Amino acid sequence: MLLIHCPHCREDREEEEFHYSGEAHIVRPLEPENLSDEEWGDYLFFRKNPRGIHHEMWHHTAGCGRYFYATRNTVSYQILETYMVGEKPQHTADSAGASQ
Amino acid sequence: MKAVNRLGSGARTDSAKTINFTYNGKPLQGVAGDTLASALLANGVNLVGRSFKYSRPRGIVGHGAEEPNAIMQIGSGAGTVPNLKATQVELYEGLEAASVNGWPSVNFDLMAITGWFGRLMPPGFYYKTFMYPAKLWMTYEHFIRKAAGLGSSPVQNDPDSYDKLNQHCDVLVIGAGPAGLTAAREAARAGARVIIADEQSEFGGSLLASTDIIDGLPATEWLDAIVAELQGFANVQTLPRSTAFGYYDHNFVGILERRSDHLGLTAKTGARQRLHRVRAKQVVLAAGAFERPLVFAHNDIPGVMQASSVSTYVNRYGVAPGNDLLLFTTNDNAYQTAIDWHNAGRTVVAVVDSRLNPTGERVAAVTALGIQVMAGHGVIEAQGGKRVKRALVAQLNAEGTQVIGPVTKIACDLIASSGGWSPAVHLSSHTGAKPQWDASIVGFRPGKSQQQERSVGACGGTYTLRGCFEEGASAGAQAAMLAGFGDDSLMFPVPEVLDIQEQPQQALFLVPHTKSTSRAPSQFVDLQLDVSASGIELAVREGLESVEHIKRYTAMGFGTDQGKLGNINGMAILANALGQSIAETGTTIFRPSYTPTTFGAIAGRDVGELFDAERYTAVHRWHVEQGAMFEDVGQWKRPWYFPKQGETMQEAVDRECLAVRSSVGILDASTLGKIDIQGPDAAEFITRMYTNSYLKLAPGKCRYGVMLKEDGMIFDDGVCACLAENHYLMFTTTGGAAAVMAWLELWKQTEWPDLQVYFTSVTDHWSTATITGPNARKVLAKVCDDLDLSADSFQFMDWREGTVAGAKARVFRISFTGELSYEINVPAHYGRHVWEALMEAGEEFDITAYGTESMHVLRAEKGFIIVGQDTDGSMTPADMNMDWVVNKNKAFSFIGKRSLERSDSVRENRKQLVGLKTLDGAEVIPEGSQIVFDSKQQIPMSMQGHVTSSYYSANMGHSIALAVVKGGHSRLGQTVYCPLANGRTIAAEIVSSVFYDPQGERQHVE
Ligand SMILES: [Zn+2]
């Protein structure tokens, strides 16, 4: 069971207070009508599902009710950082690769 | 009865205090401090079960969690516990034990006599049997389960209670042997909050049976002192009888504490067991090691035991499990067993050592006692029936792979074997650390740490007492420092012990026989599941290569002992058969639980009434008083129907439904989700979320909306009212309220943070009484005198603020029945008062309380969908014939809009909502029934849709159903068929989904 730092509450809380809410940084197209079915389908359904560094969106459902992002290693389950919506991650697959 | 093998008091038993117990119905006596296993051995009981496949007699082998054979059913009735290891059951007065393996009895075994059965069960038996012939498996399985004796679960409710404790600590120490104790002491002294847990009844681990001198004291006295010292720390929590069974992510460890199992079947006071859910900053693993048995022919005959277990029974319990001991070893360490046995006054007939020239200090000590040491020899076979009678001993080559000398028969009744030690890497393995083979210790060491943990002492591969003390102490100091306490320096001198010089051990995983492995008598690797060396070799010949596949094919390590004894030998034999090194072959991955964990402890207090939270409306007590039957909707308890004396459910529902359409009914609608939405951008936001527009919705007006997910599929629906400028109230479905709230927040927080809009859940703040039917206005008029209720003034889809029965109310003229309806919302604490006032006002109209079932029937008569019942996440508004609710001309591309144009969303032949009218009007189609067009088609039939809602409608006088059917909207008038599981088929006509009042005239009551 994960221990997750909510950047809004600024506390480490148990995983059972949170809901995983999918991949982070998926931006809704501004003009959906101008997209082909395939492009719209990519936005709707296609996700990275990487082995290793992954950016995720979490919801502090039983806490402050706010969404935030987390960088998590999907192999070790280590959470490298949590950060606010609108911010950029400090840790990325590239930076992790470079540091190893 | 005299306990023939009781030597007197052991280090941890008191022979003056006798304890009565029964084994398979026979009364026996043990003493205080005994386990069930030590008490049985004291009484000369060694045969404790029959083996899984071959039904061979089996005896006690070990003294702890590794025990494969002595599996017991303890007690009877509600508290009975199956599959406990006798080696871990503490004896208490009146304990009832029964062996679970062995049917009809351990001494008379039907299958051993018939003997045919084992031949039918080679490795891979299960796989082969599952594959073919499938039908026979059912027969086999019944027989196997009964024969193998998997124990029986209690059939009554568990009378005990269980607790869960969420705990945090700085340093968690798992295992309270020499390494764990010194680790805990150092961490405690540094000021860290320490939890130290050990699965045994008391702390000490190997020290409990040790004859070493520590700091000038006998080991057990030194032990008592350090345990007292630990208990003196305010920042140390000591947990004996507590097994760390799982090591999970982010240093989360599950520990099962058995509080009262050692006192009796059910707890006299408090909880029987506690589940400690520990989040530790740092973990020290000091879980010890398991002695590795030697694999020789018929090494499963009762009387073949672990060398360390023999010493433990003698030293700790004062029990000698036999008379004439033959010790078979590959290492110096086990010689201690010969010394202990000799000192107990019994005979050591020989020590057989596979090494050519053992000369360590313990070897010399044994020789000095006049005990014969047969170097370069091995026990190649044990002989005997239900007890060892003799050992066949022969000279081996230097590698231990071949018999090179004549076979000698040596009479004995006890063979103690030691093939070295295997670190208990289980918990470190749970974290994902892959165990690494280390030839220098002939064992797997824990892999690289994946979490904040370190393994010390025997579980890290360090076996000397001095080494355990040193490693434990420095790990404790280091863990404390990393948790923020101390500076990593030792505060206590490392305990002084006498170093004993030892020679290297020999790696010996399979003792050769004069015959080849496939022809020799079975050489057992996994005693609990009857996996032999030849079985592993056979699996390799059949083409299996991976250790994980071999494990599943042979079932090695699948028993309740999880292969604690057999796994390493098995992997080494596999590696040899594959012509690989052990390092190349690797080990299987250990997963939780380390030992079986009771469901009771995992459930804790979350049982019965406390299983899940229950939500009640403000009117709940009234419903209860009226004898309502309840339905769970999410966590809500909603009245389902209100039966009168002697009424069936159908009769009650018929009466309720007729009352609504003929006069007036009342429904508790408080559970509908309510979200208060405010802000200058509220209208814009709401318009983005619903398929229709709210930009021009004026205060006092309501609108019905459908919410889609971005994939265009219906997600929720409900009415949204404009309360004032920039202020709205959104109603959601009862079950969808929380999800809708999170959905709104998701878009607001992540996509449109610039919009100024705020959401507040107000579901529980309001109590809602819906009065519906042609007389609804007359009822409301009697308790409300500040609203103009006239049809012209208070129109359909209007809401008004007024006073109802003295309470400030929001009254919504919206309808889920098609009748004239008012949803009267008052602050929740006025809910019951207003409800009762409405009942009183409605008395002259015979106002009828109705529940969710009638609500469902009434809305189905009108063809109103229920999201989640008539939709399933794959339905668009068009599929539901609800294009009218979609405004495609809104400026903003609302959530889901683009998906409505996807090729799949506009494809022909999508499942579409229709009504079904059975040809026999009395017949109600079961909900969920599949729909076919051709009732004569052969199975598998082409399924064209399914029934989503189905009821008998008293108002219509026949059954009605809603269904989704492929291309349904263009199939009105066609006949479809619902084939039922019982072989019958119901025919129905596709009709409009609106059965009642298709023109919608009913709510226009003047
Ligand atoms: Zn939070």
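Predicted, not measured: the structure shown is a model, and the values here were computed from it. Both backbone and side-chain heavy atoms feed into the values below; hydrogens, waters and symmetry mates do not.
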Using heavy-atom distances under 4.5 Å, tell me whether [X] contacts chain A through its side chain, its backbone, both, or neither.
| X | answer |
| --- | --- |
| B/Glu751 | side chain |
| B/Glu901 | backbone |
| B/Tyr247 | neither |
| B/Ser899 | both |
| B/Ile895 | both |

Measuring heavy-atom distances to chain B, does [X] have an atom under 4.5 Å in its side chain, in its backbone, in both, or in neither?
| X | value |
| --- | --- |
| A/Ile26 | backbone |
| A/Val75 | neither |
| A/Phe45 | side chain |
| A/Glu31 | neither |
| A/Ser36 | backbone |
| A/Met57 | side chain |
| A/Leu3 | both |

Quiz item: Are any non-hydrogen side-chain atoms of A/Glu33 and B/Lys897 less than 4.5 angstrom apart?
Solution: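 Yes, their side chains come closer than 4.5 Å.
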Quiz item: When you look at A/Glu14 and B/Arg277, which way does the salt bridge (charged side-chain N to carboxylate O under 4.0 Å, His left out) test go after all the steps?
Solution: CA-CA 11 Å; A/Glu14 293 292 330; B/Arg277 297 152 43 98; 5.4 Å; no
